[in-house]
Amino acid sequence: MSHTVTNPPRVRIAPSPTGDPHIGTAYIALFNYVFAKKHGGKFIIRIEDTDRTRYRAESEAMILDAIKWFGIQWDEGPDIGGPFGPYKQSERLPLYQKAADTLIQKGAAYRCFCTVERLDKLREVQNANKLPPGYDRHCRTVSQEDSDRRAAAGEKFTVRFKMPTSGVTSFDDQIRGKVEFENARLDDLVLLKADGFPTYHLASVVDDNAMKITHVIRGEEWVSSTPKHVLLYEAFGWQPPSFTHLNLLRNTDKSKISKRKNPTSILYYRRKGILPAALRNFLALMGWSLGGDQEIFSTQTMIEQFTWERFSLGGPVFDLTKLLWMNSQYLKDLSDDTWVSLLKEQVFNDHYLKQIIPLIKERVQSFEEFIPNTDFFFSGDLKYENTPILPKGLSGKVVSNWFSEVLEGFENLDEWTVANIKEVMEKFVADKKIKAKDLFMPMRVAVSGTLVSPPLMETIQVLGKEMVRRRMRLAMAYLAAQKEVAQPANK
RNA sequence: GUCCCCAUCGUCUAGAGGCCUAGGACAUUACCCUUUCACGGUAAGGACACGAGUUCGAAUCUCGUUGGGGACGCCA
């Protein structure tokens with residue numbers, strides 16, 4: 001396959017503000033950026049905030065901030081604008097509604113009045129009969145008059161795409177070559193939800209067209225949606241962009257990288273003291289290489305040398321150990337002055353210190369005692385071997401399961417505040433009817449590595465969600481490997 | 001279950017028919033350097049998933065098997 005790029009490409013990343021900035025977003029962003037810069041094109045950020053149920057207000061700023069830290073600058077985006085704004089889908093709603101109407105008028109889409117309950121039931125039956133799940137096109141045959149009347153009467157509906165029932169749709173992936181799908185297997189996907197918001201499928205197609213995106217470079221999880229997108233472009237009468245799907249970052253067990261098994265927040269790596277340049281270099285190596293034996297290279301070098309031919313398709317396992325090694329290579333090349341300023345900026349910054357000091361002020365007699373009493377605020381992974389972490393009579397498995405549930409509660413918090421953290425933990429203790437001490441003590445050890453520390457909730461809050469998640473998961477692994485029942489402390 | 005993608009050391013990868021007794025890096029293990037630790041250096045072990053083809057010749061091409069992954073939501 002030859003993929004000559006004639007005009008300056010326009011590429012984008014489309015993160016959705018539903019949580020922590022994800023390492024996968026950085027990975028995809030890097031390749032989009034490098035590809036754009038290689039060919040003198042534009043790299044754009046568009047916020048896909050069409051899911052109101054998963055929307056997190058603080059997430060958007062965190063994502064932009066994280067990408068900025070990562071070290072790649074966008075040419076157009078929600079904060080800096082650009083010729084095709086706004087760059088936030090919630091501010092472009094009329095566009096999608098108009099697009100959906102156009103499709104209905106063309107006979108390429110239809111209103112679906114099926115309830116969520118009916119759909120659930122349908123899936124259930126399909127599942128029970130081991131049939132592939134999918135919409136049964138129940139509303140596809142509703143007449144235009146009926147449809148209009150029901151809609152006018154205020155009945156709730158979604159808009160679905162009228163998928164062709166025969167033929168083949170294909171696209172030419174820049175690294176996978178030609179990929180074909182039989183249309184008959186494609187579902188009548190929802191374009192517009194009952195709340196008037198578009199789904200990803202509609203919104204991304206409409207926006208990519210409106211923003212003149214030439215190359216869509218995204219994760220492998222989108223491969224099976226791509227024929228639907230191609231068909232959407234055709235229905236609109238638009239020229240589809242080129243599609244390229246990068247392999248997904250993986251956990252050690254090869255499954256798609258997840259926060260249960262790996263730190264996935266970009267914030268975690270920043271917090272850990274990874275240099276952006278090292279992270280970019282490391283991520284570049286997840287699928288791409290210079291070709292020879294050279295592994296340490298700058299993003300600039302990558303841009304100069306970039307071709308898709310040098311991209312390999314195996315799903316790369318994200319290996320923290322190698323990242324750390326790479327980081328050390330970058331770290332030792334930094335000047336002492338740079339070290340000082342980075343340390344002040346990233347580790348001993350005013351913001352962080354001011355959070356810690358109130359917790360420690362009354363517990364020390366001199367500055368000498370500051371570091372020994374607060375070391376866990378500045379360190380990474382902790383060791384639990386030398387501290388009794390299990391309460392008497394409880395098994396590691398039980399406590400580990402508790403941690404898992406508490407963590408789940410933490411994940412669902414809108415804001416990382418002491419009050420919220422406290423609520424999760426106290427509610428858990430009450431629901432499980434366990435002694436507060438039996439949960440709090442092991443958690444204290446998990447997050448601080450010691451039995452003596454400042455107040456737990458405050459400590460958890462200051463440490464931050466990523467660090468707490470990481471340490472609790474490490475503690476869980478340690479606990480799960482413990483003997484069934486803890487030995488009494490005094491034998 | 002159905003569709004799609006993928007397959008070289010434990011991990012990231014080089015390899016685009018003969019340069020391959022498969023190269024590098026991380027990790028591991030030795031040894032050297034060193035008052036310690038680390039860095040650095042040297043060395044070792046460690047892979048072409050399997051089976052058929054095509055070819056004088058296959059890690060490289062084709063097909064099949066197996067294995068892994070992804071998708072099948074009014075989530076992205």
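Since the structure is predicted, the reported quantities are computational estimates derived from the model, not experimental observations. Letters A, B, ... are given to chains in the order of the sequence lines, protein chains preceding strands, and every chain is numbered from 1. For the numbers below, each heavy atom of this structure counts, side chains included, while hydrogens, waters and symmetry mates do not.
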**Q** Mind checking A:S312 for me? I need base, sugar-phosphate or nothing, with any heavy atom below 4.0 Å counting as a touch.
**A** sugar-phosphate

**Q** Taking CG from A:N281 and C1' from B:U13, how many angstroms apart are they, rounded to a whole number?
**A**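 Atom CG in A:N281 sits about 13 Å away from atom C1' in B:U13.
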
**Q** Using whole Å, what does the distance between atom P of nucleotide B:A7 and atom CZ of A:R250 come to?
**A** 11 Å

**Q** Would you mind reading off the distance between A:F311 atom CZ and B:G15 atom C1', rounded to a whole angstrom?
**A**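 Going from A:F311 (CZ) to B:G15 (C1'), I get 17 Å.
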
**Q** Applying a 4.0 Å non-hydrogen cut-off, can you work out what A:L119 is touching in the nucleic acid: base, sugar-phosphate, or nothing?
**A**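 Base, at least one base atom sits under 4.0 Å.
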
**Q** What nucleic acid atoms does A:E180 come within less than 4.0 Å of, heavy atoms only: base, sugar-phosphate, or nothing?
**A** sugar-phosphate

**Q** Using a 4.5 Å cut-off on heavy atoms from C-beta on, say whether the side chain of A:R10 contacts that of A:E76.
**A**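 Yes, side chains in contact.
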
**Q** Any base atoms under 4.0 Å from A:G287, or only sugar-phosphate, or nothing? Heavy atoms, all strands.
**A** sugar-phosphate

**Q** Any heavy-atom pair between the side chains of A:Y87 and A:I45 that's under 4.5 Å?
**A**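 Contact flag for A:I45/A:Y87 side chains = no.
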
**Q** Can you tell me if the side-chain N/O atoms of A:K254 get under 4.0 Å from OP1 or OP2 in B:C12?
**A**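 True: A:K254 side-chain N/O within range (under 4.0 Å) of B:C12 OP1/OP2.
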
**Q** Assign A:M286 to base, sugar-phosphate, or nothing according to its heavy-atom contacts below 4.0 angstrom with the strands shown.
**A**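 Sugar-phosphate contact only.
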
**Q** Just call it for A:P316: base, sugar-phosphate, or nothing, with non-hydrogen atoms closer than 4.0 Å on any strand.
**A** sugar-phosphate

**Q** Send over the distance from A:W325 CH2 to B:G10 C1', rounded to a whole Å.
**A**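 The answer, rounded to whole Å, is 17 Å.
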
**Q** Just how far, in rounded Å, is P of B:C3 from CG of A:L189?
**A** 20 Å

**Q** In whole Å, I'd like the distance from the CZ atom of A:F161 to the P atom of B:C74.
**A** 16 Å

**Q** Phosphate oxygens OP1/OP2 of B:C74: is one of them under 4.0 Å from a side-chain N or O of A:R111?
**A** no

**Q** Considering only heavy atoms and no angle criterion, is a donor-acceptor pair shorter than 3.5 Å present between the side chain of A:E295 and the base of B:G24?
**A** yes

**Q** Taking the side chain as every heavy atom from C-beta outward, state whether A:N247 and A:I175 have any pair of such atoms under 4.5 Å apart.
**A** no

**Q** Base, sugar-phosphate, or nothing: which does A:T53 touch, judged by heavy atoms less than 4.0 Å apart?
**A** nothing

**Q** Distance between the C1' atoms of B:U13 and B:C50, in whole angstroms?
**A**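 That atom pair is separated by 23 Å.
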
**Q** Just how far, in rounded Å, is P of B:C5 from CG of A:L246?
**A** 16 Å

**Q** Taking atom types as they are modelled, is there a donor-acceptor pair under 3.5 Å from the base of B:A25 to the side chain of A:K322?
**A**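 Yes.
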
**Q** Determine the Euclidean distance between corresponding C1' atoms of B:G17 and B:U62; express it in Å to zero decimal places.
**A** 14 Å

**Q** Please determine if a side-chain N or O atom of A:R54 lies less than 4.0 Å away from the OP1 or OP2 oxygen of B:A76.
**A** no

**Q** Return the pairing partner of B:C3 with a 3.5 Å limit on both distances, Watson-Crick or G-U wobble; otherwise return none.
**A** B:G70

**Q** If you look at every strand shown and take non-hydrogen atoms under 4.0 Å, does A:C114 touch a base, only sugar-phosphate, or nothing?
**A**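 The answer is base, as A:C114 lies within the cut-off (heavy atoms under 4.0 Å) of a base atom.
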
**Q** Please measure how far the C1' atom in B:A59 lies from the corresponding atom in B:A76, and state the result in whole Å.
**A** 38 Å

**Q** With both distances under 3.5 Å as the test, what is the Watson-Crick or G-U wobble partner of B:A43?
**A** B:U29

**Q** Under 3.5 Å, is there a donor-acceptor pair between the A:Y110 and A:D188 side chains?
**A**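 Per modelled atom types, A:Y110 and A:D188 side chains form a pair under 3.5 Å.
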
**Q** Against A:H245, only a single residue in A:F171, A:F311, A:F31 fulfils ring pair (Phe, Tyr, Trp, His ring centres under 6.0 Å); can you say which?
**A** A:F171

